[in-house]
Amino acid sequence: MSNVRVRFAPSPTGFFHIGSARTALFNWLYARHTDGKFVLRIEDTDAARNTEEALDVLLKGMRWLGMDWDEGPEIGGEYGPYFQSQRGEIYKEYLGKLTEAGRTYEKDGAIFFKLEGERYTEYDEYHKQEMEKVRAAPVEIDDAIRGKVVRAESRDFVIFRADGSPTFHFVNVVDDITMQITHVIRGEDHLSNTSKHVELFNAFGAKPPQFAHLPLILKDPKMGKGKMSKRDKGSLIEEYQERHFLPAAVRNAVALLGWNPGDDREVMDIGEIIEAFDIKDIQKGAARFDEAKMAHINFQYLKELPVETYAWFARPVLTEKGLLEEDHCEDHLQRVLAICQEKITSIEALPEFCGYFFTDDYPVNEKAEKKALKKGNHAELASQVLESLSKVEASGWTVDALDKAFGELAAAHGQEKPFMWWPLTRFAVSGVSSGPDFLPMLEVMGRDMVLRRLEKMAG
RNA sequence: GUCCCGUUCGUCUAGCCAGGCCUAGGACACCGGGUUUUCAUCCCGGCAACAGGGGUUCGAAUCCCCUACGGGAUGCCA
């Protein structure tokens, strides 16, 4: 085990944003890669919006993506509590240290952190007023992604509000010190704040952790400017859960958001990702999230799934849509899925793709109908197929037998191949013009269903 | 305004730190062709980028400077 201790410190808002998930994942990957500890710390100081449900969304999302934490909610750990709302005593104690060192003062009921350096007054263009500023020594941040970043703070800042609650900058630093965090991997929006944090670490006489600031995930320019927000489509992990994406695929896609293994690998199992992951390979530039790529990766995972597992994911989706009885024969389900799995790119599209295997109440696609009927008189063609296929016994209803029956049908009409009957037949039994391979589809459907639907078309 | 960060195909990116192997590679998307006389799969092909300008150098996507653009910070939000 290494001494690496990283943390993910979300504020439960009721959403699990893809950017947060990425930050969590990178921390988790780094912990697993280095055989260190991954700490989950809940920043629930804003009582108004931090509810039980909000925390639940977060924890469920973490687990769904397979990110387990070594210390944190529900499991505890030796550096707890892991909820900021329960760490008041610790914050008071650390405030005392600062006050003792003469680094605080009170103003308007709030407690400020006092910077060291020459003081002067200057008109501030942003605040549109005269303000007291400090010529503090520049702080040097050695960022694992950006390199050396130098930035100087110029104003004292609030660490305890007038209502007595500590601010983000303060609790963040105190928690990182007391939880002995060695690496802080977080979004770039915190890079400018880091000089504040380093000032605080220094004031406490603590060594700042290794920082690594992740590039931001920007929204689609068509949707506006700035970083991706929870209102943007595709930005919430919950959305992928609801759409039945495979968690491993989502995790893989999220890992690729600003990181890559340095070669052409994209679809990787989690062990591979953990092994390859390193902070130095993280991108500097901001990225735009591409849903199409996520879908592609998801499909790659879907194709590789054993049909048993595929059925495990698919069954609830089909049941939800009312296509499948709870106790529907597992073997039959798997036979259907086996011929669909390679053709279909998402679980989400499955009900539409294969619903007709399970119910007679399936929609008829008009375009497919037009296409199928172009081949000739549909009632006539259907009755020809019906006549031919009814000769195949239920016990011998196989691809081979069906192929043979179609062959004989063709021969009887002086055709070399039976393909003129195929589109019509497919349409008659499924209502659409595309789907699984034709003969296997008929075989899996079974004699009764196929003949029944052909009869209907034959009139 | 000030400070900080960034900028390679439409998108994600490799290459940049250690300049020549880059006529800039891969993937997604898109377009075309093929297979499957179904198809959303699969196969083949195509399109398409070093933000701009100066330098340094025999040689720059790679090093330096400037400009432009994008982003972030500048909260008693986190």
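In what follows, chains carry the letters A, B, and so on, assigned in the order in which the sequence lines appear, proteins first and then strands, with residues in each chain numbered from 1. These numbers come from the heavy atoms of this one structure, side chains and all, not from hydrogens, waters or symmetry mates.
Within the nucleic acid shown, A/G435 comes within 4.0 Å of at least one base atom, counting heavy atoms only. Within the nucleic acid shown, A/P436 comes within 4.0 Å of at least one base atom, counting heavy atoms only. Residue-level contact check: A/R426 touches the bases, meaning some heavy atom is under 4.0 Å from a base atom. Residue contacts shown for A/A287 are limited to sugar-phosphate atoms, with no base heavy atom under 4.0 Å away. Nucleic acid contact for A/K107: base, since at least one base atom lies under 4.0 Å from a heavy atom of the residue. Among the heavy atoms of the strands, none lies under 4.0 Å from A/D263. Backbone-only contact: A/K303 has heavy atoms under 4.0 Å from sugar-phosphate atoms and none from a base. Counting non-hydrogen atoms under 4.0 angstrom, A/D108 reaches a base of the nucleic acid.
Here the separation of B/C16 from B/G53, taken at their P atoms, is 24 Å to the nearest Å. With both ends at atom C1', the span from B/C69 to B/G52 equals 10 Å, rounded to whole Å. Across B/U62 and B/C21, the matching C1' atoms stand 14 Å from one another, rounded to whole Å. Using P as the reference atom, B/C47 and B/C4 are 43 Å apart when rounded to the nearest Å. A gap of 22 Å separates the P atoms of B/U7 and B/G26, to the nearest Å. Using atom P as the reference point in both B/A49 and B/C12, the two lie 16 Å apart (nearest Å). Straight-line distance between the P atoms of B/A18 and B/C64: roughly 10 Å, to the nearest whole Å. Taking atom P on both nucleotides, B/U8 is separated from B/G55 by 24 Å, rounded to a whole Å.
When distances are taken from the side chain of A/L216 to each of B/U74, B/C5, B/G72, the shortest belongs to B/G72. Taking every side-chain heavy atom of A/K293 into account, B/C12 is the closest of B/A73, B/C76, B/C12. Checking B/G26, B/U74, B/G72 against the side-chain heavy atoms of A/D189 singles out B/G72 as nearest. Closest to the side chain of A/R151, from the set B/A40, B/C76, B/C4, is B/C4. Residue A/A292 has its side chain nearest to B/A29 when only B/G6, B/G26, B/A29 are considered. Checking B/U41, B/G72, B/C39 against every side-chain atom of A/T345, the shortest atom distance belongs to B/U41. For A/D264, whose side chain is taken as the heavy atoms from C-beta onward, the closest listed nucleotide among B/G25, B/C42, B/C76 is B/G25. You'll find that the side chain of A/R155 is closest to B/G75, out of B/G75, B/C28, B/C42. In this structure, of B/U13, B/G1, B/U37, it is B/G1 that holds the atom nearest to the side chain of A/E125.
A side-chain donor-acceptor contact under 3.5 Å links A/E153 and A/S195. Side chain to side chain, A/N172 and A/R7 meet the donor-acceptor criterion of an N or O pair below 3.5 Å. Judged purely by distance below 3.5 Å, without hydrogens or angles, the side chains of A/Y105 and A/D156 pair a donor atom with an acceptor atom. Defined by atom type and a distance below 3.5 Å, a donor-acceptor pair is present between the side-chain atoms of A/H213 and A/R186. Donor-acceptor pairing under 3.5 Å is recorded for the side chains of A/D175 and A/Q84.
When Watson-Crick and G-U wobble pairs are counted only if both distances are under 3.5 Å, B/A61 pairs with no nucleotide at all. Across all strands shown, B/U37 remains unpaired; no Watson-Crick or G-U wobble contact has both distances below 3.5 Å. Remark: B/C30 base-pairs with B/G46. Criterion, Watson-Crick or G-U wobble with two distances under 3.5 Å. In this structure, B/G1 and B/U74 make a Watson-Crick or G-U wobble pair, each of the two defining distances being under 3.5 angstrom. A 3.5 Å limit on both hydrogen-bonding distances identifies B/A68 as the Watson-Crick or G-U partner of B/U7.
Per the geometry, CD belonging to A/E188 stands 18 Å off P belonging to B/C3, to the nearest Å. For the pair A/I217 CD1 and B/C5 P, the interatomic distance rounds to 21 Å; values are reported in whole Å. One atom, CD of A/E266, and another, P of B/U13, lie 11 Å apart when rounded to the nearest Å. Distance NE2 (A/H213) to P (B/A73): 12 Å, rounded to an integer number of Å. A/E153 places its CD atom 11 Å from the C1' atom of B/C4, with the value rounded to the nearest Å. Residue A/L191 contributes atom CG, which lies 16 Å from atom C1' of B/G70 at whole-angstrom precision. If you take NE2 of A/H296 and C1' of B/C42, they are 12 Å apart, rounded to a whole angstrom. Rounded to whole Å, the distance from NE2 on A/H190 to C1' on B/G75 is 14 Å.
Contact between the side-chain N/O atoms of A/H169 and the OP1/OP2 oxygens of B/G75 is not found at any separation under 4.0 Å. Under 4.0 angstrom from either OP1 or OP2 of B/A78 there lies at least one side-chain N or O belonging to A/R161. Distances shorter than 4.0 Å separate none of the side-chain N or O atoms of A/R288 from OP1 or OP2 on B/G70. One finds no side-chain N or O of A/K196 lying less than 4.0 angstrom from the OP1 or OP2 phosphate oxygen of B/U74. The side chain of A/N260 places an N or O atom within less than 4.0 Å of a non-bridging phosphate oxygen (OP1 or OP2) of B/A14. Residue A/Q283 has a polar side-chain atom (N or O) positioned under 4.0 Å from OP1 or OP2 of B/A14.
Mapping A/F353 and A/W422 onto RNA chain B by nearest heavy atom places A/W422 at the nucleotide closer to the 5' end. Toward the 5' end of RNA chain B, the nearer of the two residues A/M294 and A/G262, judged by each one's closest nucleotide, is A/G262.
In the displayed structure, A/E342 atom CD is contacted under 6.0 Å by at most 12 heavy atoms of other residues, nucleotides or ligands. By the neighbour-count criterion of 12 heavy atoms within 6.0 Å, atom CD of A/E275 is sparsely surrounded, having that number or fewer from other residues, nucleotides or ligands.
No hydrogens or angles were tested; on distance alone, nothing pairs the side chain of A/K343 with the base of B/A40 as donor and acceptor under 3.5 Å.
Of the possible donor and acceptor atoms, one in the side chain of A/T178 sits under 3.5 Å from a partner among the backbone N and O of A/V174. The backbone N or O of A/F83 lies less than 3.5 Å from no partner atom in the side chain of A/D44, so there is not a single donor-acceptor pair.
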